[in-house]
Enquirer: 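Handing you a structure now.
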Number of protein chains: 2
Amino acid sequence: MNKRSSLDQPLYNTVRSLILLKLRNGEWKPGDKIPTEPELAKLFSVSVGTVRKAVEDLVSEQVLIRRARIGTTVSTHEKYNQFSTFFNFSNRFDSEMLIEPKLLSFKKILANKEIGKSLGVKGGEALFVIDNLRLIDGKPTMFDRIWLPQRKFTQLTQNEFENRKGSIYSLYQSQFMMTIVRINEQVEAIQAPEFVRLELGLKKTDPVLKISRYAYTYGDEVVEYRNRYVNTSISLYQNEIGLRE
Amino acid sequence: MNKRSSLDQPLYNTVRSLILLKLRNGEWKPGDKIPTEPELAKLFSVSVGTVRKAVEDLVSEQVLIRRARIGTTVSTHEKYNQFSTFFNFSNRFDSEMLIEPKLLSFKKILANKEIGKSLGVKGGEALFVIDNLRLIDGKPTMFDRIWLPQRKFTQLTQNEFENRKGSIYSLYQSQFMMTIVRINEQVEAIQAPEFVRLELGLKKTDPVLKISRYAYTYGDEVVEYRNRYVNTSISLYQNEIGLRE
DNA sequence: GAGTGGTCTAGACCACTAG
DNA sequence: TAGTGGTCTAGACCACTCC
């Protein structure tokens, strides 16, 4: 392939899409080593430079991991990898935090109109609702209420959720082939609702951070919706934008 | 330059630093067109490909703007450019917002220990403290208290601040050669302090979002510290992380 | 028509890992 | 020692802008 016709998208975007397709299909699975760059170039009939551009983009999007002299692998949600990017909290002393999860409840419900809209499912469809508490350095700090479409997580059990190894997104990935690749959050300050107050040990007028998060897998498909309530006198939400020199 | 000695940093990082140096020195100013890629290649004695890599990095960091067939220019904080990246608020309907600033007070003070530490200056050094309100769609929504080291903003007057064209960062840039290239924020939920309550029209127990922001220029130098208080029943803080397909 | 950044190719050497 | 991604070069054509 020596040229491209005008009005086409760049060739490396096509290559990028082809790689994403293989990931979506499960042809290359999380943790797998994908073919080397010369192999990919041959496979897609483009030059190595073009493959490299496509892979670079996917690396910067944290879908792939490139390691010199070892190879390129598909990202997983296992501990210690870059998917902790999705957890941007720190304590007030910039020190390490001990985080312990505690499952509060695990139920099946039918979607009402509002939640259905958030998850892109019809009202009346079956959902899981999971209440999950996190203790930071021993103190109950973060309350998560998570909604999942049952259709995408068939056979998920309370036991499986509670006794997962690693993060929640790691569970989605290893058991349901659902890799979370993007999140979108809206942050606001509210007075803690009662069900949160009780768990976090707060008074009626105490403010909490409320984070409404949509989590997406490949193809911009919403997989999870969650409301997170945080006692920010213990743990702060961090954000950084711009140049790092 | 055909090879690089081992243990060196990559050549394109060197080129990137050389470009940043010219920006820091003011040799290329915000809004300027910088030399073309072949010219840069000649200037730094590297190949065009290496220059392109360095420029690509600076573009993704929003320091430079590349436009095909026109040239590469230095970012400015003017309206409508990408530095609105630093303003991640939306209203609750995802519609356009009308934002009007209103200066509340403009004072000179001496740094106490705490603020001094935040700004990297000694206690007792002269600072500006500026209280600035923002009305969104006519409603007072956002209260900013801004600290600036007077040393870096000599001759800044209330009149100049109040009658600036464009954003505050645009003022820093055009009048003081201070380009903000990175911000770091800590977000928490608190009960509005009285001076905020009065301006935002809130009750004593109403929660607000508090955002503590450090703003940096080239060389990782803190230029501004501000505390922002937001009534999130009007305007939400947005954040997005990960893959965009 | 000259010049620009956008895209793409082809091929080189490097440092290091794995076997 | 073979193979990998990391880096770097040289040069090509493209679509479009500006003069």
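Lettering follows sequence order; numbering is per chain, from 1.
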Enquirer: In whole angstrom, what separates Asn13(B)'s CG from dG6(D)'s C1'?
Expert: 12 Å
Enquirer: Starting at atom CZ of Arg52(A), determine the distance to atom P of dC8(D), rounded to an integer number of angstrom.
Expert: 11 Å
Enquirer: Of all the nucleotides listed (dT4(C), dC8(C), dG5(D)), which has the minimum atom distance to the side chain of Thr36(A)?
Expert: dG5(D)
Enquirer: Specify the separation, in whole Å, of atom CD of Glu37(A) and atom C1' of dA12(C).
Expert: 15 Å
Enquirer: Sort out the partner of dG19(C) for me: Watson-Crick or G-U wobble, both distances under 3.5 Å, none otherwise.
Expert: none
Enquirer: Please tell me if Arg66(B) has a side-chain N or O lying less than 4.0 Å from either OP1 or OP2 of dG6(C).
Expert: yes
Enquirer: What integer distance in Å separates Glu56(A):CD from dG5(D):P?
Expert: 13 Å
Enquirer: Considering just the side-chain nitrogens and oxygens of Tyr12(A), establish if one lies under 4.0 Å of OP1 or OP2 belonging to dT7(C).
Expert: yes
Enquirer: After noting the C-alpha distance and the side-chain angles of Tyr172(A) and Leu148(A), does the key distance pass the side-chain contact (heavy atoms from CB on, under 4.5 Å) rule?
Expert: CA-CA 10 Å; Tyr172(A) 297 170; Leu148(A) 303 172; 3.3 Å; yes
Enquirer: Measure from CG on Leu11(B) to P on dA12(C) and round the result to the nearest Å.
Expert: 20 Å
Enquirer: For Phe153(B), is the NZ or CZ atom of Arg151(B) found under 6.0 angstrom from the centre of its six-membered ring and inside 45 degrees of the ring axis?
Expert: no
Enquirer: Would you check, one step at a time, whether the test side-chain contact (heavy atoms from CB on, under 4.5 Å) holds for Thr141(A) with Phe89(A)?
Expert: CA-CA 11 Å; Thr141(A) 300; Phe89(A) 282 89; over 6 Å; no
Enquirer: Hey, which sits more toward the 5' end of DNA chain C by its nearest nucleotide, Ala68(A) or Lys33(B)?
Expert: Lys33(B)
Enquirer: Can you tell me how far C1' of dT4(D) sits from CD1 of Ile65(A), to the nearest Å?
Expert: 16 Å
Enquirer: What's the CD1-P distance between Ile70(B) and dA15(D), to the nearest Å?
Expert: 17 Å
Enquirer: Taking any heavy-atom pair under 4.0 Å as a contact, classify Arg67(A): base, sugar-phosphate, or nothing.
Expert: sugar-phosphate
Enquirer: Taking the inter-plane angle between the rings of Tyr237(A) and Tyr237(B) on a 0 to 90° scale, is it parallel (under 30°), tilted (30 to 60°) or perpendicular (over 60°)?
Expert: perpendicular
Enquirer: Phosphate oxygens OP1/OP2 of dG5(C): is one of them under 4.0 Å from a side-chain N or O of Thr72(B)?
Expert: yes
Enquirer: Would you mind checking if Asp144(B) and Arg228(B) are paired as a salt bridge, meaning a charged N to carboxylate O distance below 4.0 Å?
Expert: yes
Enquirer: Grab the NZ-C1' distance between Lys53(A) and dG5(C) for me, whole Å please.
Expert: 13 Å
Enquirer: From dG6(D), dT4(D), dT7(C), pick the nucleotide closest to the side chain of Glu39(A)?
Expert: dT4(D)
Enquirer: For dT9(D), does OP1 or OP2 lie under 4.0 Å from any side-chain N or O of Thr50(B)?
Expert: yes
